[in-house]
Amino acid sequence: MSIEKTLALALQQSLRELYNIDIPADAGLIQPTRKEFEGDLTIVVFPYVKLARKAPDMVAKEIGDKLCASVDFISGYNVVKGYLNLSIADSFWNEQLHAHFRDTAYGQAERLEEAPILIEYSSPNTNKPLHLGHIRNNLLGHSVSQILIACGHPVVQVNLVNDRGIHICKSMVAWLRYGNGETPESSGMKGDHLVGKYYVVFDQHYKEEQKELIEKGLSEDEAAQQASIMLEAREMLRKWEAGDETVRKLWQQMNQWVYAGFDATYNRLGIRFDKTYYESETYLLGKALVQEGLDKGVFYRHEDGSVRVNLTDEGLDEKVLLRKDGTSVYMTQDLGTAQLRYGEFQPQKMIYVVGNEQNYHFDVLKLVLGKKLEKEFGNSIYHLSYGMVELPSGKMKSREGTVVDADDLMDDMVQEAKNGTEALGKFDFPEDEAAALYEMIGLGALKYFILKVDPTKNILFNPAESIDFNGNTAPFIQYTHARIRSLLRKADGQEIDINGPIAENCELGTEEKQLIKTLYRYPQVVLAAGDNYSPALIANYIYDLAKQFNHFYQETPIFKEEDAAKRQLRLQISQWTATTIRNGMKLLGIDVPDKM
RNA sequence: GGUUCCGUAGCUCAACUGGAUAGAGCAGCUGCCUUCUAAGCAGCAGGUUCUGCGUUCGAGUCGCAGCGGAAUCACCA
């Protein structure tokens, strides 16, 4: 049982005995003591003073006495203005150290026997390469998956590729018209970039043509509708839906190029999916659900023939679920894929990692499935809604070329890592090792930069300023880890057996105790990160830990320490710290080096 | 216009879900490499937490109003 839980129960007991007050066992307000006060854990007694009808300090004192007597690891207490600061005995912290410092899986909860959590993320369109916004999505999805696994949950990671639709047809038309048979091989371009290039080409010609038509006297709307290149794209989509062989073949060819490109990017990011869905295979799903809603009378057929749902009672609007020509809209297939997945995995929860621009869509999806169709799985849908990545100039727009390309950015970061390393004069690496290190540092810096921010908030990225490598960054944390590994190598070289006989109840210095307290907290941070779907909690914790370690490292000699027990203690704390950093960073999808 | 979200140091972000004197990094200024890796450590400076009213023993956090910004309100996805 955790120390907080033990204390909460003891507090509940004390309040009952002292004042006949009943509080829930988990309601005790217990927090780490602020460092400017003496003590380790603090109980705020204000909530009880009214019921106890005594002064705050008196209540704190009485509870303090009671807890001292009933909990053996409390070694003392002090009271400051209604705050009861409890001191925990060194022996308790020593026990924690000895119990965990060797555990390479520290922070991994026992696997729960339960239904899996399904998480969908990435979900790219196949008409353009990934940009920084997609990177945030991918990193979040991957990291939250790792965190949930660390919390003990079985997790199924899925991707839903949007491989069909008018946007892909645009690339296809432009490639046919202007491509001269260009391929990734012939051009040396990554496949997703090549297809993205023709998406832009389409837009350029489309705009030119519109301009010409407007000069001939057409209205803007008419020009947008009648431009020949757009008519061609529409015809292409119609043929695709009719199963036209030539169109399907070209479509497959160009999508294959894109997938090869995506795979390379996913690999570099360290991302893998358990299952990939393709919209070309799922876009017809959901029509049965729409019919079911009609039969139940919760949907209705509008006079123009479309099927709609009225959500005005819920504070939302009317929503079209099926076009008047009977074809699907986005919502239709999302209804269908939710049902499909539920049937396949019986997940306890379905998480969708999708930007907050789609909040409305998911509100509707949940309401329609849960409340209107009364599907149990509708209520298990959770929209992990994250903020946009913005540039100083505003939102990124693919067609206007104001996007930060994912592959380019990764290249830049790795180059930056190389420059930085060389500027610091660290050259003692073989070439292949150095390349791997730059990759680790560069991508680490990028991933951490994104993940340390609360997912719900927007991120501002300024391409003119490179991402930092100092301070609250991955390289700082990676460096701290490398330092510790260096210490441990040195211990090994001196044939000091860290795991050997353990000094019982070593007296703890301030820095040592502080580190143990922080390390002890890690599993709770992982659980909190899981509850809140927030890698940022892990990132901020690991930074705090690394910072504390560097302080300790500076203040406290290890190999110069003559007392063997103390040296042993410090090495054990160091090892526990290294493991926790490694495991925590792993949850962010970031690797840490042994040397840097 | 309706709905939702956001507003904390010059900049980028924290603040354990209502608790003690709001903390970090970057940028600026000072020190520390014959000593376990200076991508580090220590220090200085920087705040009316957008404004006002309210609830509370206690508000950056909750409520109301205003100001400013973003998203959304498609038979696009």
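This one's a predicted model, so the numbers in the text were calculated from it and none came from an experiment. Each chain gets a letter, A, B and so on, in the order the sequences are listed, and its residues count up from 1.
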ring centroid sep under 5.5 Å plus plane angle under 30, A:F46 with B:G58: no
From B:A71, B:C16, B:A20, nucleotide with atom closest to A:V80 side chain: B:A20
Using both distances under 3.5 Å as the test, list the Watson-Crick or G-U wobble partner of B:C5, or none. B:G69
Answer with yes or no whether A:K595 presents, from its side chain, a donor or acceptor under 3.5 Å of a partner atom in the base of B:U37. no
Look at all strands and tell whether A:V44 reaches a base, only sugar-phosphate, or nothing, counting heavy atoms closer than 4.0 Å. base
Would you classify A:R308 as touching base, sugar-phosphate or nothing, given that sugar-phosphate means primed atoms plus P, OP1 and OP2, and contacts are heavy atoms under 4.0 Å? base
Taking atom C1' in both B:U8 and B:G69, what distance in whole Å separates the two? 16 Å
Give the nucleotide from the list B:U72, B:A39, B:A77 with an atom nearest to the side chain of A:N162. B:A77
Gap in Å between the two C1' atoms, one belonging to B:G60 and one to B:G47, rounded: 12 Å
With sugar-phosphate meaning primed atoms plus P, OP1 and OP2, does A:T421 contact a base, only sugar-phosphate, or nothing at under 4.0 Å between heavy atoms? base
For A:K547, answer base if it contacts any base atom (sugar-phosphate contacts may also be present), sugar-phosphate if it contacts only those atoms, and nothing otherwise; contact means non-hydrogen atoms under 4.0 Å. sugar-phosphate
Return the value, rounded to whole Å, for the distance between atom CD of A:Q554 and atom C1' of B:U37. 11 Å
A:M388 near the nucleic acid: base, sugar-phosphate alone, or nothing, with a heavy-atom cut-off under 4.0 Å? nothing
Can you tell me, in whole Å, how much space there is between the P of B:C11 and that of B:G54? 31 Å
Give one of base, sugar-phosphate or nothing for A:Y330, where a contact means two heavy atoms less than 4.0 Å apart. base
Just call it for A:N85: base, sugar-phosphate, or nothing, with non-hydrogen atoms closer than 4.0 Å on any strand. base
Residue A:K560, side-chain heavy atoms: nucleotide from B:A20, B:U35, B:C57 that is nearest: B:U35
Write down the distance separating the P atoms in B:G66 and B:G2, rounded off to the nearest Å. 10 Å
Salt-bridge criterion met for A:D594 and A:R582 (N-O under 4.0 Å): yes
What verdict does the side-chain hydrogen bond (donor to acceptor under 3.5 Å, both in side chains) test give for A:Q415 and A:N419, after you've listed the backbone C-alpha separation in whole Å, the side-chain angles of each residue and the deciding distance to 0.1 Å? CA-CA 6 Å; A:Q415 184 59 43; A:N419 297 346; 3.0 Å; yes
What's touching nucleotides 11-14 of chain B from the protein side, N or O pairs under 3.5 Å?
{"residue": "B:C13", "atom": "OP1", "partner": "A:L460", "partner atom": "N", "Å": "3.3"}
{"residue": "B:A14", "atom": "OP1", "partner": "A:D454", "partner atom": "N", "Å": "2.7"}
{"residue": "B:A14", "atom": "OP2", "partner": "A:K457", "partner atom": "NZ", "Å": "3.2"}

Determine, using ring centers only, whether A:Y48 and A:Y19 are less than 6.0 Å apart. no
Could you tell me whether A:Y479 contacts a base, only the sugar-phosphate backbone, or nothing, with contacts defined as non-hydrogen atoms closer than 4.0 Å? base
Is any side-chain N or O of A:S486 closer than 4.0 Å to OP1 or OP2 of B:C36? no
So A:T42, base contact, sugar-phosphate only, or nothing? Heavy-atom distance under 4.0 Å. base
Pairing nucleotide - B:C26, Watson-Crick or G-U, each distance under 3.5 Å: B:G10
Indicate yes or no: does A:R308 engage A:E318 in a salt bridge with an N to O separation below 4.0 Å. yes
How would you label the contact of A:K324 with the nucleic acid (heavy atoms, under 4.0 Å): base, sugar-phosphate, or nothing? base
Nearest-Å distance for atom pair CG/P, residues A:N550 and B:C36: 15 Å
Rounded interatomic separation in angstrom, taking CZ from A:R489 and P from B:U37: 9 Å
Counting the atoms with a prime plus P, OP1 and OP2 as sugar-phosphate, which does A:P557 contact under 4.0 Å by heavy atoms, base, sugar-phosphate, or nothing? base
Any carboxylate oxygen within less than 4.0 angstrom of a Lys/Arg side-chain nitrogen, looking at A:R164 and A:E241? yes
Would you call B:U17 syn or anti, using the 90° rule around 0? syn
Separation of B:U37 atom P from A:R485 atom CZ, nearest Å, is 14 Å
Checking understanding here: a glycosidic angle within 90° of 0 is syn, the rest anti, so what is B:C57? anti
Using the side-chain heavy atoms of A:E357, tell me which of these nucleotides is nearest: B:G25, B:U72, B:A77. B:U72
Can the ring centroids of A:Y83 and A:F37 be said to lie less than 6.0 angstrom from one another? no
Using the side-chain hydrogen bond (donor to acceptor under 3.5 Å, both in side chains) rule, take A:T42 and A:N85 through it: C-alpha gap first, then chi angles, then the decisive distance, then the call. CA-CA 4 Å; A:T42 293; A:N85 302 320; 2.7 Å; yes
Please state how far atom CZ in A:F476 lies from atom C1' in B:C26, giving the value in whole angstrom units. 14 Å
Gap between atoms CG and P, on A:L316 and B:U72 respectively (whole Å): 16 Å
B:G25 to B:A45 separation - C1' atoms, rounded to the nearest Å: 15 Å
Would you check if the distance from the ring center of A:Y479 to the ring center of A:F476 is below 6.0 Å? no
Tell me what A:T556 touches on the nucleic acid: a base, only sugar-phosphate, or nothing, going by heavy atoms under 4.0 Å. base
Which nucleotide in the set B:A77, B:A38, B:A42 lies at the smallest distance from any side-chain heavy atom of A:Y553? B:A38
Which nucleotide in B:A20, B:G40, B:U17 has an atom nearest any side-chain atom of A:N532: B:U17
Using atom C1' of each nucleotide, how far apart are B:U48 and B:C32 to the nearest Å? 38 Å
Side chain of A:E390 - closest among B:A20, B:C26, B:A70: B:A70
If you measure from the P atom in B:C5 to the same atom in B:C62, how many Å do you get, rounded? 10 Å
Pairwise C1' distance for B:C50 and B:C67, with rounding to whole Å: 7 Å
Residue matched to B:C64 through Watson-Crick or wobble contacts both under 3.5 angstrom: B:G52
Qualifying residue, where the test is side-chain contact (heavy atoms from CB on, under 4.5 Å) with A:Q514 and the options are A:T510, A:I516, A:T518: A:T518
Step by step, would you call A:S280 with A:D163 a side-chain hydrogen bond (donor to acceptor under 3.5 Å, both in side chains)? CA-CA 6 Å; A:S280 55; A:D163 60 344; 2.6 Å; yes
With a 4.0 Å cut-off on heavy atoms, is A:D594 in touch with a base, just the backbone sugar-phosphate, or nothing at all? base
Would you classify A:N359 as touching base, sugar-phosphate or nothing, given that sugar-phosphate means primed atoms plus P, OP1 and OP2, and contacts are heavy atoms under 4.0 Å? nothing
Rounded to whole angstroms, how far apart are CZ on A:F549 and C1' on B:A39? 16 Å
In this structure, is the centre-to-centre distance between the rings of A:W240 and A:Y283 below 6.0 Å? yes
Given B:A39, B:G19, B:C36, which nucleotide is nearest the side-chain atoms of A:F559? B:C36
Starting at atom CG of A:D468, determine the distance to atom P of B:A27, rounded to an integer number of angstrom. 6 Å
Side chain of A:R323 only, heavy atoms from C-beta on: which candidate in B:A77, B:G19, B:C36 is closest? B:A77
Could you identify the nucleotide paired to B:G40, looking across every strand shown and requiring Watson-Crick or G-U wobble geometry with both distances under 3.5 Å? B:C32
